[in-house]
Amino acid sequence: MKIQSIEAIPLKANFKQLFQFGLIDRKSSQNVILKIVTDEGLVGYGEACPVPAFTAETQKSVVDNLNERVTPLILGKDPLDREPLLRQLERFLPHCPFTLTAVDLALWDIAGKAANLSVTALLGGKYRDKITMHGSVGWGEPESMVETALAQLELGYTALKLYAGRGLLDDDLKRLERVRASLPAEIQLLVDVNGLWSVTDCLKALPRLAAIGVIVLEQPLPAWDKDGQAEVVRRSSIDLAADESVYQSYDVVEVARRQTARVINLGLSKLGGLLRSRECATVARVSGLKVMVGSVLELGIATAGGLHLAASLPDLPYPNYLVGPLKYEQDVVTNPIRVEGGQIAVPGGPGLGVEIDEAALRRQDARAK
Ligand SMILES: [Mg+2]
């Protein structure tokens, strides 16, 4: 089997609501859909979802790199040689994990379709059919955070991730306390600070976060502050998660070696796809670190990749975050995810298990006049 054609489709994708986290405001998204066709007629789909909080990739850079760097390297190659191809591409796409993810997903999709197996099966098989999710509440005015939190609970979530760090420390802690007070006691809270606090901020915040029952504190310090992270980990009874600190498996080695977190947030797109995410998960497991599966709020294709990854991991002690498609005005698949009782079923069928909605893809094609 040979790769016959590659098409990168930039989308005009919009969120239903403004989503604020870290110092980023997202109202629209720069997704690129990748379509790889083989000489045997198999079609694999991938998705890139570049977000400025993580890399300098843009929709244009993703499309240009797919056309100019990826296409010459993989055209005519056997798509089943997934790992050698992706290892070669890594060297030509430094610091472009979102671009790499699009290719990675399309190659796994083709491999699954060729073998009539799901991506979960290719990854080793399923530990679970449904993945437990948490909802999310972006940073905002306290009233609107409470309103969003209560609306999220209608989907059956038993946990919510709240974003903090943009406001003054005391104001942000009051926001979190305010939301906590409005929720039933059994709802668990995770807090993501996107690296915006200092060590001093963290040490002040920890008792108040513990008092409102926060179970995971994600990336409170900037990625570069390894000593600070280790200091906070030593003094925290709350599990600290690394997100912006980890882009590849070597970063997980560093987290383990320096004890800068106890949990790795496996964001498929930020890590460069399934191959690299699985490698990070394995390094985390053998290093005694926990994992959770995160996202940057992708559409249905990359979200399906995250669901397959989550299905194949032995231990998922915390709720995960693969609810991106719910936040968009429209998806590009005909079988969108559904949250039931706070869980999402892993797609069945070969490959990623997504059916592409060609009409929706055409409607959102940013190249269309
Ligand atoms: Mg995060």
Side-chain angles (χ1 to χ4, degrees), residues 15 19-26 29 49-55 57 97-98 101 131-140 145 148-149 152 157 159-167 172 175-176 179 188-197 201-202 205 209 214-226 228-229 232-233 236 238-248 251-252 254-255 260-272 276-277 280-281 284 289-298 302-303 306 309-310 316-324 326-327:
F15 290 113
F19 191 70
Q20 297 181 293
F21 71 100
L23 298 176
I24 305 290
D25 289 354
R26 283 180 87 192
S29 187
C49 187
V51 176
F54 291 99
T55 70
E57 290 166 279
F98 294 96
T101 295
I131 314 300
T132 301
M133 299 295 161
H134 61 71
S136 66
V137 181
W139 187 90
M145 286 182 77
T148 307
Q152 290 274 291
Y157 296 122
L160 296 176
K161 184 190 279 183
L162 311 179
Y163 287 84
R166 186 183 290 214
D172 271 9
R175 282 181 165 85
L176 302 178
V179 175
Q188 296 182 309
L189 295 185
L190 302 84
V191 171
D192 191 350
V193 185
N194 299 104
L196 292 172
W197 283 350
D201 291 338
C202 265
L209 297 176
V214 171
I215 56 169
V216 172
L217 177 59
E218 186 173 317
Q219 196 73 47
L221 299 182
W224 53 264
D225 191 359
K226 309 290 182 205
Q229 290 161 19
V232 173
V233 166
S236 175
I238 301 169
D239 264 350
L240 261 76
D243 189 10
E244 283 88 341
S245 304
V246 175
Y247 286 88
Q248 55 191 325
D251 297 327
V252 183
E254 273 292 283
V255 170
T260 53
R262 296 194 180 114
V263 185
I264 302 294
N265 187 16
L266 297 173
L268 172 91
S269 294
K270 169 203 77 172
L271 294 173
R276 285 164 52 127
S277 298
C280 287
L289 298 168
K290 300 172 197 172
V291 294
M292 53 200 286
V293 180
S295 71
V296 289
L297 299 177
E298 299 92 334
T303 299
L309 172 69
L316 282 179
Y318 291 118
N320 306 280
Y321 190 45
L322 296 163
V323 299
L326 304 177
K327 312 270 186 184

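Read the numbers this way: they start at 1 and go in the same order the structure lists the ligands and their atoms. No experiment lies behind these values; they were computed from the predicted model shown.
- The minimum heavy-atom distance between Asp192 and Gln219, with the atom names listed, is OD1-CB, 4.4 Å.
- Remark: Lys290 engages Asp239 in a salt bridge (Lys or Arg N to Asp or Glu O under 4.0 Å) (not counting sequence neighbours).
- With Tyr321 as the fixed residue, the side-chain contact (heavy atoms from CB on, under 4.5 Å) test singles out one of Ile131, Val293, Leu297, Val296: Leu297.
- Residues passing the salt bridge (Lys or Arg N to Asp or Glu O under 4.0 Å) test with Arg262: none are found, sequence neighbours excluded.
- Checked against salt bridge (Lys or Arg N to Asp or Glu O under 4.0 Å), Asp251 has no partners two or more places apart in sequence or in another chain.
- Smallest separation of non-hydrogen atoms from Ala53 and Phe21: CB-CE1, 4.1 Å.
- If you count the protein N, O or S atoms nearer to the Mg ion (ligand 1) than 2.8 Å, you get 3.
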